[in-house]
Amino acid sequence: MEEAEKENTTELQLVHPDIFDSTGRAETQQTGCLETAHSDLPYPMNKTKQQELAQVDLDNSIMSYFSDKGEQPQPVQQDSQPGVPQTPTVIPQEPNLATSTSIAVYWAVNDGDTINCFQVYCMEEPQARKGVGTLVEEYRVTVKESHCILEDLEPDRCYSVWVMAVNCTGCSLPSEKAIFKMASAISTIKAEDCTVCWDTATIRWHASLAVMESFTLEYCQQHSPEGESLTSFASIKRPELKVSLEPNVNYFFYLRAVNPFGTSEQSEAALISTKGTQFRLLSDTAHPALQISPDATVIRLPEKAKLTEFPSILGELLPARGRHYWETVVSACRSYRIGICYKATSRSSVLGLSDTSWCMHCFPTQTSFLYRFFHIGVMSDVHVTEHLARIGILLDYSDGRLLFFNAERELVLFAIRHKFTDAAHPTFALEKAGVLTLHTGMELPEFVNKQIPCFTLSGKLTITASGGREGKRGVREGCLVFTDECYMHSSPPHHQ
């Protein structure tokens with residue numbers, strides 16, 4: 001009897017719920033047999049009334065323990081970790097979010113994901129102009145937010161972008177690649193290519209070879225008040241724009257290039273001044289025998305050119321207001337004509353022989369150089385014992401006068417009083433081999449600003465190499481010395 005009771009006590013201890021097998025699972029009972037973690041052999045057990053009562057007492061004691069503490073028994077749990085994030089989705093590029101060097105990238109994530117950061121990858125798409133096997137650099141940045149700005153990229157290029165989400169458990173699969181396109185390269189305004197005439201300026205710039213949608217031009221006065229906003233012109237389709245300005249003022253001009261993907265950064269400032277007249281030669285008006293430089297400022301007539309007429313070329317049209325001054329440097333050319341003509345002047349007419357053109361004709365004589373002034377016909381002759389290397393011309397619509405200067409010696413060669421009514425082209429013609437170089441854009445020299453008597457001369461005036469004038473009487477009048485044969489007119493006489 002004692003042995004039977006001892007055997008039953010041992011069997012009851014084996015079913016105590018605090019005893020677990022190696023997998024953390026409580027031992028189970030199967031049809032009168034008990035499986036233990038210590039042996040694979042089932043132990044036979046016959047349940048008695050005493051065993052059942054002992055089990056009930058054990059269950060009641062467990063419930064009483066938790067009731068005293070005001071708690072409910074909880075299942076045993078292990079420490080949990082978040083799952084690996086799902087793959088993000090890159091949002092396709094939207095218009096006007098790119099610049100010449102940066103793009104804005106956005107992406108979407110799963111709401112239930114735990115994410116510590118994102119890794120954003122960027123790689124330039126292969127270019128047709130790049131050789132086979134060219135290495136392509138890959139960029140990677142790490143960010144916390146679901147968007148970022150990728151910088152230091154190249155204009156007019158395409159880039160592949162993809163994103164991976166990261167947390168403490170691991171990294172998501174990479175998103176599908178999205179293609180992002182850059183804004184155009186920054187265009188450049190070159191002040192020397194612009195035309196400036198008193199109160200207007202035609203601003204020109206060099207554009208990228210890529211397809212442009214438009215340009216935005218901005219400007220302000222050089223010394224504008226602090227806080228004054230820029231004046232802006234948008235949606236410009238051509239690489240030039242004519243704007244109205246104030247005379248005798250300096251301006252800063254800026255440019256932005258626009259394509260469907262964004263707007264470039266602002267260009268460097270270009271200084272444009274209305275204190276001087278700046279224009280270019282019109283190459284399409286040049287005689288075939290003339291050679292014009294790429295910057296449209298130099299005219300060359302070769303030695304062996306065969307001429308059947310006077311080869312000439314026009315400068316850009318000057319508006320019929322304000323004052324316009326330019327200079328011509330003469331290099332090894334012994335016979336030429338320079339002056340102005342109205343737009344309506346026939347190209348077949350000789351410069352200075354019509355009522356819409358005025359010019360100075362230089363050619364050598366046996367003892368000097370003759371400078372003959374024309375309008376409809378010969379107006380006057382001026383003999384100079386040296387060849388003038390720099391000729392200045394002032395077209396003054398405000399005071400109604402046209403003046404020719406020996407710019408090197410700051411002397412007036414000839415002055416014409418006339419009420420000029422139409423816009424005029426500066427005109428240049430070479431009759432002998434040589435070079436004429438155009439200089440524009442300078443402010444009016446001091447000797448031009450001086451009070452100069454306006455007159456028209458007829459007859460002969462001789463100027464020595466030293467710059468003095470010689471005449472029979474040697475009498476100085478104003479800044480000129482007249483001979484007995486010279487006389488002054490309030491309006492130009494017409495000589496055939």
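Computed over heavy atoms, backbone and side chain alike; hydrogens, waters and symmetry mates excluded.
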Side-chain touch [X]/[Y], heavy atoms, less than 4.5 angstrom:
X	Y	result
Leu318	Thr277	yes
Thr274	Glu246	no
Ile179	Gln93	no
Leu153	Tyr139	yes
Phe428	Tyr336	no
Val161	Trp107	no
Leu444	Arg323	yes
Pro426	Leu314	no

Give the C-alpha distance, both sets of side-chain angles, the deciding distance and a yes or no for side chain to side chain contact (heavy atoms under 4.5 Å, CB included) between Ile236 and Ser214. CA-CA 5 Å; Ile236 305 169; Ser214 64; 5.7 Å; no

Residue among Val141, Val143, Val166 satisfying side chain to side chain contact (heavy atoms under 4.5 Å, CB included) with Phe118: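 Testing Phe118 for a side chain to side chain contact (heavy atoms under 4.5 Å, CB included) against Val141, Val143, Val166 leaves exactly one candidate, Val143.
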
Here's a test for you: under side chain to side chain contact (heavy atoms under 4.5 Å, CB included), which of Val330, Leu281, Ile391 qualifies with Leu436?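 Result for side chain to side chain contact (heavy atoms under 4.5 Å, CB included) with Leu436: Val330.
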
Any cation-pi pair here, Arg337 with Phe374, using under 6.0 Å and within 45°?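 Yes - Arg337 lies over the ring of Phe374, closer than 6.0 Å to its centre and within 45° of its axis.
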
[atom1]/[X] to [atom2]/[Y] distance, rounded to the nearest 0.5 angstrom?
X	Y	atom1	atom2	answer
Ile203	Ile272	CD1	CD1	4.5 Å
Leu438	Asp295	CG	CG	9.5 Å
Ile416	Leu402	CD1	CG	5.0 Å
Ile292	Thr297	CD1	OG1	9.5 Å
Arg334	Phe369	CZ	CZ	4.0 Å
Arg300	Ser331	CZ	OG	8.5 Å

Keeping [X] on the side-chain end and [Y] on the backbone end, is there a donor-acceptor pair under 3.5 Å?
X	Y	result
Tyr371	Leu388	yes
Asn259	Phe261	yes
Gln291	Ile299	no
Thr427	His425	yes
Ser267	Leu255	yes
Ser100	Ser184	yes
Ser244	Thr200	no
Ser293	Val298	yes
Lys237	Glu213	yes
His361	Leu351	no

List in chain and number order the residues that pass salt bridge (Lys or Arg N to Asp or Glu O under 4.0 Å) with Asp193, two or more places apart in sequence or in another chain; answer none if no residue qualifies.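 For Asp193, no residue satisfies salt bridge (Lys or Arg N to Asp or Glu O under 4.0 Å) once neighbours in sequence are set aside.
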
Please enumerate all residues that pass salt bridge (Lys or Arg N to Asp or Glu O under 4.0 Å) together with Arg204, with sequence neighbours excluded.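 Listed in chain order: Glu240, Glu316.
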
If we count only N and O atoms by modelled type, under 3.5 Å, do the side chains of [X] and [Y] hold a donor and an acceptor together?
X	Y	value
Gln221	Tyr219	no
Glu265	Thr99	yes
Thr356	Thr345	yes

As a quick check of understanding, evaluate side chain to side chain contact (heavy atoms under 4.5 Å, CB included) for Met123 and Glu137, giving each step before the final call. CA-CA 6 Å; Met123 186 170 64; Glu137 186 176 1; over 6 Å; no

Does Asp199 come within less than 4.0 Å of Arg321, counting only side-chain N to carboxylate O?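 Looking at Asp199 and Arg321, the cut-off is met.
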
Does the distance from a Lys or Arg side-chain N to an Asp or Glu carboxylate O, for Glu218 and Arg256, drop under 4.0 Å?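 Salt bridge flag = yes for Arg256 with Glu218.
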
To check you understand the geometry: which heavy-atom pair defines the closest contact between [X] and [Y], and what is its length?
X	Y	answer
Ile115	Ala165	CD1-CB, 4.0 Å
Ala269	Tyr254	CB-CE2, 3.4 Å
His439	Val329	CD2-CG2, 3.4 Å
Ser187	His206	CB-O, 3.4 Å
Pro88	Val109	CB-CG1, 4.3 Å
Ala389	Glu408	CB-OE1, 3.7 Å

Report the C-alpha separation of Phe414 and Phe404 in whole Å, then their side-chain angles, then the decisive distance to 0.1 Å, and conclude whether the ring pair (Phe, Tyr, Trp, His ring centres under 6.0 Å) test is met. CA-CA 5 Å; Phe414 192 68; Phe404 295 83; 7.0 Å; no

Check for me whether the distance between the ring centres of Tyr342 and Trp358 falls short of 6.0 Å.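 That pair passes the under 6.0 Å test.
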
Tell me whether [X] at atom [atom1] has more than 12 heavy atoms from other residues, nucleotides or ligands lying less than 6.0 Å away.
X	atom1	value
Glu94	CD	no
Glu176	CD	no
Glu138	CD	yes

Apply side chain to side chain contact (heavy atoms under 4.5 Å, CB included) to the pair His324 and Cys197, showing each step before the final yes or no. CA-CA 7 Å; His324 310 286; Cys197 298; 4.1 Å; yes

Quick one, Lys432 with Glu303, criterion salt bridge (Lys or Arg N to Asp or Glu O under 4.0 Å). Give me CA distance, side-chain angles, the key distance, then yes/no. CA-CA 8 Å; Lys432 299 290 184 181; Glu303 286 285 351; over 6 Å; no

Give me the ring orientation class for Trp162 and Tyr121: parallel if the planes are under 30° apart, tilted from 30 to 60°, perpendicular past 60°.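 Parallel.
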
Using 30° and 60° as the class limits, which term best fits the ring planes of Tyr325 and Phe405: parallel, tilted or perpendicular?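 Perpendicular: the ring planes of Tyr325 and Phe405 meet at over 60°.
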
List the steps and the verdict of side chain to side chain contact (heavy atoms under 4.5 Å, CB included) for Phe253 and Val243. CA-CA 11 Å; Phe253 277 81; Val243 296; 3.9 Å; yes

So which pairs with a foot in residues 278-289 pass side chain to side chain donor-acceptor pair (under 3.5 Å), sequence neighbours left out?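 Those involving residues 278-289 are His287-Glu309.
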
